[in-house]
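Notes follow once the structure below has been shown.
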Amino acid sequence: MSVVVVGAGLSGVACAREVARAGLAVKVLDRAHTVGGRMASSPHDGRPVDMGAAYFTVRDPEFAEVVAGWRSAGLARPWTAEMAVLAHGDRSRSAGPMRWAAPQGLRSLVAALAEDLDVELDHEVKRVEKGPRVDGEPADVVVLAMPDPQALRVLAPGLGAVALTSDRPWRPVLTVAAGFPTREWPELSAAFVNDHPVLTLVADDGARRGDGVPVLVAHTTSEVARSHDADPGGAVPTVIAAVRELLGLSEEPVWTDAHRWRFAAPELDRAEPFHLGDDGIGLAGDGWGSSRIETAWRSGTLLGREIVKRLQR
């Protein structure tokens, strides 16, 4: 029995781990040169900066066990249970669940789970067809662990999964990171930015990482992301100006970086945690449930277990 997982983000790696744990052959393919997907980190001045998800929360007891392992290995740390809320010049605080961060970047968490798996990077899958077949090669089960629009690009017309990946719009986001000469902003872990034309969230990456380095990471509105889809770097001056005004900063950043996420999150949640069709094609990711890192892990894990059950009948 063989399983091919397309997508080396958290859901794909979690799915592959469950399959491999059962002793079944599984291979993970990804077009990127690193694992992690939207838990991406970019290196700047010798340290990682999280350019995708800002943090993660823990609700599921099984996921809590995984997080405990990350914490014991020094890969994850509790960060903050309180977020600032910035709106119309006012600042307030919003209590909530503990937000977790990763000293080596969120990507390191996925890399740790993928250590013993057969992962082939820089491999772009072009077509998944009836059989199932991946670019002409047969498999017993093929999993697409990615946002719906990306899955739709590789699914052959007529497959049952096509209808499931074409029924929801997705929100884009631009992430802009900036390194400053000094830390001149008020104490800040992260802030939700409400009713702003440019920003939705600003995170203090030095506080998130625990090293105090003066780096801020801003997430934009979908409107800004759409207007700069062809040139993400073109949004940097607007985003930096908005951050400086919002936090009252006098200094200009010494470096900036921008990353476009065309499919950051779906507009609507799903009740089902994954899909596995009679044709042997599965779908998983943070779009299967409420869009969170924990959802991605749970989706891939549950799909992996269902695949094992099916193949071991």
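These figures come from a predicted structure and were not determined experimentally.
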> Arg244: what forms a side-chain hydrogen bond (donor to acceptor under 3.5 Å, both in side chains) with it, not counting sequence neighbours?
Replying inline: Glu252

> Met51 and Ala177: which non-hydrogen atoms are nearest, and at how many Å?
Replying inline: SD-CB, 3.7 Å

> For Phe263, what are the other residues in its hydrophobic cluster, where any two members join if their side-chain heavy atoms are less than 4.5 angstrom apart?
Replying inline: Trp170

> Asp50 side chain to Leu106 main-chain N or O, any donor-acceptor pair under 3.5 Å?
Replying inline: yes

> Can Arg208 and Asp205 be counted as an ion pair, charged N to O under 4.0 angstrom?
Replying inline: yes

>> Could you tell me if the side chain of Lys130 sits less than 4.5 Å from the side chain of Asp279, heavy atoms only?
In response: no

> Any side-chain heavy atom of Arg127 within less than 4.5 Å of one from Leu155?
Replying inline: no

>> Check this for me: does any side-chain nitrogen of one of Arg305 and Glu62 sit under 4.0 Å from a carboxylate oxygen of the other?
In response: yes

> Below 4.5 Å, heavy atoms only, C-beta onward: do Trp100 and Val58 meet side chain to side chain?
Replying inline: yes

> Which is it for Arg262 and Asp229 under the salt bridge (Lys or Arg N to Asp or Glu O under 4.0 Å) test, yes or no, and what are the steps along the way?
Replying inline: CA-CA 8 Å; Arg262 280 190 174 133; Asp229 179 78; 2.8 Å; yes

> Quick one: salt bridge (charged side-chain N to carboxylate O under 4.0 Å, His left out) pairs with a partner in residues 133-149, sequence neighbours left out?
Replying inline: Asp148-Arg168, Asp148-Arg270

>> In the structure I gave you, are the side-chain heavy atoms of Leu29 and Val5 within less than 4.5 Å of one another anywhere?
In response: no

>> Using the side chain to side chain contact (heavy atoms under 4.5 Å, CB included) criterion, which residues pair with Ala178? Sequence neighbours excluded.
In response: Phe180, Ile240, Pro253, Thr256

> Taking only residues two or more places apart in sequence or in another chain, which ones pass side chain to side chain contact (heavy atoms under 4.5 Å, CB included) with Val254?
Replying inline: Pro181

> Is Ser11 reaching over with its side chain to a backbone N or O of Gly300, donor-acceptor style, under 3.5 angstrom?
Replying inline: no

> How close do Trp288 and His275 get, heavy atom to heavy atom, and via which atoms?
Replying inline: CH2-CB, 3.6 Å

> Side chain of Arg17, backbone of Thr301: donor and acceptor closer than 3.5 Å?
Replying inline: no

> Is the distance between the ring centroids of Phe63 and Trp297 less than 6.0 Å?
Replying inline: yes

>> Please give me the minimum heavy-atom distance between Pro186 and Arg91, naming the atom from each residue.
In response: CG-NH1, 3.4 Å

> Which pairs count as ring pair (Phe, Tyr, Trp, His ring centres under 6.0 Å) when at least one residue sits in residues 13-52, sequence neighbours excluded?
Replying inline: His44-Trp255

> Of the non-hydrogen atoms in Ala81 and Arg99, which two are nearest, and what is the gap between them?
Replying inline: O-NH1, 3.5 Å

> Do you know which two heavy atoms are closest between Ala265 and Arg38, and how far apart they sit?
Replying inline: N-NH1, 4.4 Å

>> Between Glu82 and Ser189, is there a side-chain donor-acceptor contact under 3.5 Å, judged purely by atom types and distance?
In response: no

> Taking all atoms of both residues into account, what is the closest heavy-atom pair of Ser94 and Val85, and its distance?
Replying inline: CB-CG2, 3.7 Å

> Is the closest basic N to carboxylate O distance between Arg292 and Asp286 below 4.0 Å?
Replying inline: no

> Would you call Arg31 and Asp122 a salt bridge, using N to O less than 4.0 angstrom?
Replying inline: no

> Between Glu294 and Asp60, is there a donor-acceptor pair closer than 3.5 Å when you use the side chain of the first and the backbone of the second?
Replying inline: yes

